[in-house]
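Each chain gets a letter, A, B and so on, in the order the sequences are listed, and its residues count up from 1.
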There are 2 protein chains.
Amino acid sequence: MSDDLAQRLREQGLRLTPQRQLILRAVEELRHATPDEVLAHVRDQVSSVNASTVYRTLEVLEELGLVRHTHLSDRAPTYHSTDEHEHVHVVCRRCHAVRSYDPGLVQPLVAALADDGFVVDVGHLAIFGTCADCSAADEQPRPT
Amino acid sequence: MSDDLAQRLREQGLRLTPQRQLILRAVEELRHATPDEVLAHVRDQVSSVNASTVYRTLEVLEELGLVRHTHLSDRAPTYHSTDEHEHVHVVCRRCHAVRSYDPGLVQPLVAALADDGFVVDVGHLAIFGTCADCSAADEQPRPT
DNA sequence: TTCAGTGCAAAGCGTTTGCAGGGTG
DNA sequence: CACCCTGCAAACGCTTTGCACTGAA
């Protein structure tokens, strides 16, 4: 967690700043947050943190392997901490509900592609479709 | 195909225009094209087609079920005709190569989620990772 | 003749970049 | 005290929207 941060930054000759600590913490607390949401959360604690800092920091944190991002909508990506167990995102396009599944869900897929030498990035995977409630409620799925 | 277009438009009280025909044809010919690429392709044949028309038309075509879109990068989406067999996209984040796989690849996944009543949108699925060549060439994948 | 569809221009959203000043190591 | 990091503001890429005109049915 945050101790990792100081250490991993140092390994890369990068610096530990309050912003970087706050942004990492925000991602950990919010679970699945867009850069905008991260910014808002950080600003609740310290005003005058800039959006560009959030973008730059999320990029650094992702390079350090401390956070990951996925695309759960056609809009902004969502970031989550790598502290959580790796998981696969399943998204209902109708009600926008997001469920997390164990990576075992896609194990057959991962194995099949491994035969071709392809390494699947499971944490990035987002599976879209229509959930039970929504397919019951209505018959015609609409595009995202 | 294009005959479908006239018919499906009529069913919805919508109109058949040269732009709509050209845009659908462009998507069919280009296989996997961004709105921008579709625009460029259409303009090769008829000048003064507007970007907003392309966006509006792709939306209509998708509602009619004639085209589909996927996200093969963090940038613009790509559209393809539903004439082609449904396929799953596998994308190497390193070299950006895109391979299409038979939906059978994800059949176990689809079946597992079907148990929960979730209907997977297979055509929208994009699986990211590192291809054989790239994982051989280098050891540290970078985020998209 | 009606009203869906278009082009145009402007605005929108999310993100990136150049720069000068500030703070970490 | 070097140089990484930040805030600010402007620019960027992609997409959406308002409006008046055009043209399909």
Extract all donor-acceptor atom pairs below 3.5 Å that involve side chains of residues 97-116 of chain B and protein atoms in other chains or at least two apart in sequence.
{"from": "B:Tyr101", "atom 1": "OH", "to": "A:Asp116", "atom 2": "OD2", "distance (Å)": "2.6"}
{"from": "B:Asp102", "atom 1": "OD1", "to": "B:Gly104", "atom 2": "N", "distance (Å)": "2.7"}
{"from": "B:Asp116", "atom 1": "OD2", "to": "A:Tyr101", "atom 2": "OH", "distance (Å)": "2.7"}

Note to self: Among B:His69, B:His124, B:His89, B:His85, which residue satisfies the ring pair (Phe, Tyr, Trp, His ring centres under 6.0 Å) criterion with B:His80?
What the structure shows: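 With B:His80 as partner, ring pair (Phe, Tyr, Trp, His ring centres under 6.0 Å) holds for just one option, B:His89.
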Let me know the distance between [atom1] of [X] and [atom2] of [N], rounded to the nearest Å.
| X | N | atom1 | atom2 | result |
| --- | --- | --- | --- | --- |
| B:Glu62 | D:dT16 | CD | P | 11 Å |
| B:Arg75 | D:dC12 | CZ | C1' | 9 Å |
| A:Glu59 | C:dT17 | CD | P | 8 Å |
| B:Gln19 | C:dA4 | CD | P | 17 Å |
| B:Leu9 | C:dG5 | CG | P | 8 Å |
| A:Gln21 | D:dC5 | CD | P | 13 Å |
| A:Asp74 | C:dG12 | CG | C1' | 16 Å |
| A:Leu39 | D:dC8 | CG | P | 11 Å |

For the residue pair [X] and [Y], what are the closest heavy atoms and their distance?
| X | Y | value |
| --- | --- | --- |
| A:Ser135 | A:Thr130 | N-CG2, 3.6 Å |
| A:Ser81 | A:Asp83 | OG-N, 2.8 Å |
| B:Thr78 | B:His32 | CB-C, 4.2 Å |

Check: Tell me, which of residues 42-56 of chain B have any heavy atom that sits under 4.0 Å from an atom in DNA chain D?
Finding: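 Hits under 4.0 Å, by residue number: B:Ser52, B:Tyr55, B:Arg56.
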Note to self: I want to check one thing: is the phosphate of D:dT6, taken as OP1 and OP2, less than 4.0 Å away from some side-chain N or O of A:Thr17?
What the structure shows: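 It does, given that an N or O in the side chain of A:Thr17 lies less than 4.0 Å from OP1 or OP2 of D:dT6.
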Item checked: Phosphate-side-chain proximity, A:Arg20 and D:dC5, N/O vs OP1/OP2 below 4.0 Å ->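 Yes, A:Arg20 has a side-chain N/O under 4.0 Å of OP1/OP2 on D:dC5.
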Item checked: Worked verdict on A:Arg68 versus A:Asp121 for salt bridge (charged side-chain N to carboxylate O under 4.0 Å, His left out) -> CA-CA 11 Å; A:Arg68 300 255 20 215; A:Asp121 179 355; 2.6 Å; yes
Next item on the list: Please tell me which of the listed nucleotides, C:dC13, D:dC14, C:dG25, lies nearest to the side chain of A:Arg15?
Entry: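 Looking only at side-chain atoms, A:Arg15 lies closest to C:dG25.
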Next item on the list: Pick base, sugar-phosphate or nothing for A:Pro18, based on heavy-atom distances below 4.0 Å to the nucleic acid.
Entry: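 Nothing: the residue A:Pro18, judged by heavy atoms under 4.0 Å, touches no strand.
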Notebook entry, point to check: Testing B:Val60, B:Leu39, B:Thr57 for side-chain contact (heavy atoms from CB on, under 4.5 Å) with B:Ile23, which one passes?
Noted result: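 Among B:Val60, B:Leu39, B:Thr57, the one meeting side-chain contact (heavy atoms from CB on, under 4.5 Å) with B:Ile23 is B:Thr57.
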